[in-house]
**Q** 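So that we are looking at the same thing, I have put the structure below in structure tokens.
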Number of protein chains: 4
Amino acid sequence: MLDAAVRIFGQRGYMAASMDEIAELAGVSKPLVYLYLNSKDDLFSACIRREARALTEAVRAGVCPGLPADGQLWSGLRAFFTHTARNPDAWRVLHLHARTHGERFAAEVAAMREDIVAFVTQLIAAAARDAHRRPHLPEGEVAGLAEALVGAAESLADWAGATEGVTAKQAAATLMNFAWAGLGDLMAGRPWVAPEDPQADPEQAPVAPSVPAAQAG
Amino acid sequence: MLDAAVRIFGQRGYMAASMDEIAELAGVSKPLVYLYLNSKDDLFSACIRREARALTEAVRAGVCPGLPADGQLWSGLRAFFTHTARNPDAWRVLHLHARTHGERFAAEVAAMREDIVAFVTQLIAAAARDAHRRPHLPEGEVAGLAEALVGAAESLADWAGATEGVTAKQAAATLMNFAWAGLGDLMAGRPWVAPEDPQADPEQAPVAPSVPAAQAG
Amino acid sequence: MLDAAVRIFGQRGYMAASMDEIAELAGVSKPLVYLYLNSKDDLFSACIRREARALTEAVRAGVCPGLPADGQLWSGLRAFFTHTARNPDAWRVLHLHARTHGERFAAEVAAMREDIVAFVTQLIAAAARDAHRRPHLPEGEVAGLAEALVGAAESLADWAGATEGVTAKQAAATLMNFAWAGLGDLMAGRPWVAPEDPQADPEQAPVAPSVPAAQAG
Amino acid sequence: MLDAAVRIFGQRGYMAASMDEIAELAGVSKPLVYLYLNSKDDLFSACIRREARALTEAVRAGVCPGLPADGQLWSGLRAFFTHTARNPDAWRVLHLHARTHGERFAAEVAAMREDIVAFVTQLIAAAARDAHRRPHLPEGEVAGLAEALVGAAESLADWAGATEGVTAKQAAATLMNFAWAGLGDLMAGRPWVAPEDPQADPEQAPVAPSVPAAQAG
DNA sequence: AATGAATGAGCTTTCATTCAT
DNA sequence: GATGAATGAAAGCTCATTCAT
């Protein structure tokens, strides 16, 4: 029954998906759906939880624990891209629709995401330790790098899903090239250095969104 | 009037946004919205077009043409993160909602995106030329790398928008570190190398999504 | 300005006609229409009155007063069919739409109609007198016959308007054949005689519409 | 449920009838109406079909097959007037509103009407044969006469419905007198003869509607 | 345990009608 | 005198949700 829901939600989005359609695809009657899962919100939530768990477990199961950090990352990425490619609707639910509709769902996905980010963060830290040097990476930077890596992975998953003929392995390799070579340099103490910035820098402070004037008609 | 629409669409998404709400926020009556912009679809489309143009122009205006490739990328990224941070609803419309609701809108955003991808691609190629070496980057790989870079930027924009205290400059710096140091290695002929893969490799072929069983109830 | 209104009302009907369309076709702005004619109702009413007057005057002008009764009827019918054929929208307004929408308008048309019925009634009576015989037509019957004749004329006007290649003269001739030959027999004392009716006759009393049961779902 | 629809449609017309009103009169909620009959159009169509069938069947059932032509016509007319008098809203839907709103509905009614016209045509032809004479009626004329008869019947139905104290039997008798006595003469070779027409005859050719000047304000 | 039948609430869209100018 | 600009009110239609069975 959740399968049907994931499929419909993945293809239509939360709002455009109708309970009728889901019930029909599941081959059951609508009241039954309400009996098992109380409401559309709860149904969506259940989908998110199930698929979030499935994705994290797929990644965790794919990581080979004994390897060095890059090998672990490589294996994890391959598992990630494989899973998202095999469950495109689930991936759309998690990455697209859950973030699109309401704080509650976004939070559920964010929890899963932080799981993965934490794992990657620890990988990066471990790699830095392995380098047997003074930590060239400031602590605070690691979080941003992990975010970037995970974000790039997510985008590449979308891209691989939308582009014919891109395998999970290729996507993983592209990302490893893009990321690890760069991380490698960073960890070896060769960061990219910003050029001089002669002008005053208005973006120094956290940017506040400028509220557009409400009266525009 | 479009301002209000962007704000509502950005927060609620296309389907959950109601014309009532948009009109109210704009301070006008609903029929007026229909007088100026013919329908909900057209209104959404107008929002997308306006914001897509605003974003591309902001990036283009932010790039400093005389600099070397990494300097150009750096300045472009800063403009990008600044713009998205200042217009979070616009960014949500473009990156989240437009891709979620229907081919027509997705296509309008895809056009904008390809603009940017093309710009980045050319930057990468230029950087490779500047290295005065034999091209160590296979041609086909550049497209994937540009995708990864743009995707990472998009994800970091989301992240910066959602995380307190991250400035546009910091986001840009993180991404430059993550990407350019890596690209630098790549262009210097030091790609990351995948470890041996002893097992059979089921992901070699393009993955086909396994259709979930329809009968699950 | 009324011309435009008649045209639009004739083609679309009262409800489907929009004041926008009428104003546009008239080449003026909408508030001007409201300045001259206070509301949609009044505009429709004005159309009806103008066209009703035009029709009655056309018929009156077409009748040749010196002729015997059948000659007068013949000339009147030709004028009638000619006018309706030349002003199809006006005819549709009077015969179709005015009777379709609300008591008020129906009453205005009914007044015009009674004008004509009265004229025909008097013609029939005159013809009966001309026959130099005892009146074979009971008084009460004349009204019904006049109704039938006018009704047949109206229907034939619709038919002639909808059928290619039927001239006003042909329509008039068909109706004269149909009606006068019959009336001639009647006035000559040779009415059609109903066959014996052995069963009880439930329609003797004025029929009351059977109210359908309201609860049918 | 259709009963309520026929009643509302008959009184208000297609456009002025609201689904709310129909549902309320039917004693059900609006969505239920949409569940059973998909749209306002379909609902109207269903009304037309039901009432058209009911009317034709009532007429067919009322005709006594063994009688001579005039007797059959007499019985058919009585059934017709009885049915229309008993179902005034249905009659308004068929005769007034269905022809007023759109080709699709007009066509459905036209089909029913042609049924009846064909029946009458055949009756007239049979009567002419029964007269044991050379056919005095030119073939082409029969169509026009049948039209006139049916049209007169329709108009008389309206009239009988609008006039207090007119029974179905009286309406039928009036029409028989009006029509059959006339047809009798025609079939006996005594048509009405048009007087000489000394003037030029502008209506000889099929009349073309004079387009009213659009600019009148 | 399972559903056919039903609905309240809300959506997009339209249109007769009116001011401020 | 004439109108561009604006709106209140209502219509068709949909859907998440619930009883009675």
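Both backbone and side-chain heavy atoms feed into the values below; hydrogens, waters and symmetry mates do not. Numbered from 1 within each chain, the chains take letters A, B, ... in sequence-line order.
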**Q** Run the numbers on Val109(B) and Met112(B) for side-chain contact (heavy atoms from CB on, under 4.5 Å), then give the verdict.
**A** CA-CA 5 Å; Val109(B) 171; Met112(B) 171 200 75; 4.1 Å; yes
**Q** Closest-nucleotide mapping onto DNA chain E: is Ser29(A) or Ser29(D) further toward the 5' terminus? I mean the 5' end.
**A**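 It is Ser29(A) whose nearest nucleotide is closer to the 5' end.
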**Q** Can you give the dot-bracket line for DNA chain E, where a pair is Watson-Crick or G-U wobble with both atom distances under 3.5 Å, crossing pairs use [ ], and | marks a partner on another strand?
**A** .||||||||||||||||||||
**Q** Output all residues satisfying side chain to side chain contact (heavy atoms under 4.5 Å, CB included) with Glu24(D), sequence neighbours left out; order by chain, then residue number.
**A** none
**Q** Could you state the atom-to-atom distance from CD of Glu21(B) to P of dG10(E) in whole Å?
**A** 13 Å
**Q** Among residues at least two apart in sequence or on other chains, which ones pass side-chain hydrogen bond (donor to acceptor under 3.5 Å, both in side chains) with His95(C)?
**A** Asp158(C)
**Q** My understanding is that only residues two or more places apart in sequence, or in another chain, count here; which of them pass side chain to side chain contact (heavy atoms under 4.5 Å, CB included) with His101(A)?
**A** Tyr14(A), Met15(A), Phe105(A), Ala16(B)
**Q** Starting at atom NE2 of His101(D), determine the distance to atom P of dG12(F), rounded to an integer number of angstrom.
**A** 11 Å
**Q** Tell me every residue that passes side-chain hydrogen bond (donor to acceptor under 3.5 Å, both in side chains) with Glu57(D), counting only those two or more places apart in sequence or in another chain.
**A** Arg53(D)
**Q** List in chain and number order the residues that pass side-chain hydrogen bond (donor to acceptor under 3.5 Å, both in side chains) with Glu154(C), two or more places apart in sequence or in another chain; answer none if no residue qualifies.
**A**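 Scan of Glu154(C) (side-chain hydrogen bond (donor to acceptor under 3.5 Å, both in side chains), adjacent residues dropped) gives Arg113(C).
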**Q** For Leu37(C) and dA2(F), what is the distance between atoms CG and C1' respectively, to the nearest whole Å?
**A**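 In whole Å, dA2(F) C1' lies 15 Å from Leu37(C) CG.
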**Q** Expressed in angstrom and rounded to an integer, what is the separation of Glu24(B) atom CD from dT7(F) atom P?
**A** 13 Å
**Q** Would you give the length of the straight line joining atom CD of Gln11(C) to atom CG of Asp89(C), rounded to the nearest 0.5 angstrom?
**A**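 Output value for this atom pair is 4.5 Å.
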**Q** Could you state the CG-C1' distance from Leu35(A) to dA16(F), rounded to the nearest angstrom?
**A** 16 Å
**Q** Using the side chain to side chain contact (heavy atoms under 4.5 Å, CB included) criterion, which residues pair with Leu96(C)? Sequence neighbours excluded.
**A** Arg92(C), Thr100(D)
**Q** Does Arg12(A) have any salt bridge (Lys or Arg N to Asp or Glu O under 4.0 Å) partners at least two apart in sequence or in another chain, and if so, which?
**A** Glu21(A)
**Q** Which residues pass the side-chain hydrogen bond (donor to acceptor under 3.5 Å, both in side chains) test with Lys30(A), not counting sequence neighbours?
**A**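 side-chain hydrogen bond (donor to acceptor under 3.5 Å, both in side chains) check on Lys30(A) returns Asp20(A).
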**Q** Anything under 3.5 Å between a protein N or O and an N or O of nucleotides 14-18 of chain E, put it in a table, one pair a line.
**A**
{"from": "dA16(E)", "atom 1": "OP1", "to": "Ala17(C)", "atom 2": "O", "distance (Å)": "3.1"}
{"from": "dA16(E)", "atom 1": "OP1", "to": "Lys40(C)", "atom 2": "NZ", "distance (Å)": "3.0"}
{"from": "dA16(E)", "atom 1": "OP2", "to": "Met19(C)", "atom 2": "N", "distance (Å)": "2.9"}
{"from": "dT17(E)", "atom 1": "OP2", "to": "Tyr34(C)", "atom 2": "OH", "distance (Å)": "3.0"}
{"from": "dT17(E)", "atom 1": "OP2", "to": "Lys40(C)", "atom 2": "N", "distance (Å)": "2.9"}
{"from": "dT17(E)", "atom 1": "O4", "to": "Lys30(C)", "atom 2": "NZ", "distance (Å)": "2.7"}

**Q** Please list residues of residues 43-52 of chain C whose heavy atoms come under 4.0 Å from any atom in DNA chain F, ordered by number; otherwise none.
**A** none
**Q** Using the side chain to side chain contact (heavy atoms under 4.5 Å, CB included) criterion, which residues pair with Ala90(B)? Sequence neighbours excluded.
**A**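 Result, side chain to side chain contact (heavy atoms under 4.5 Å, CB included) vs Ala90(B): Val6(B), Glu51(B), Asn87(B).
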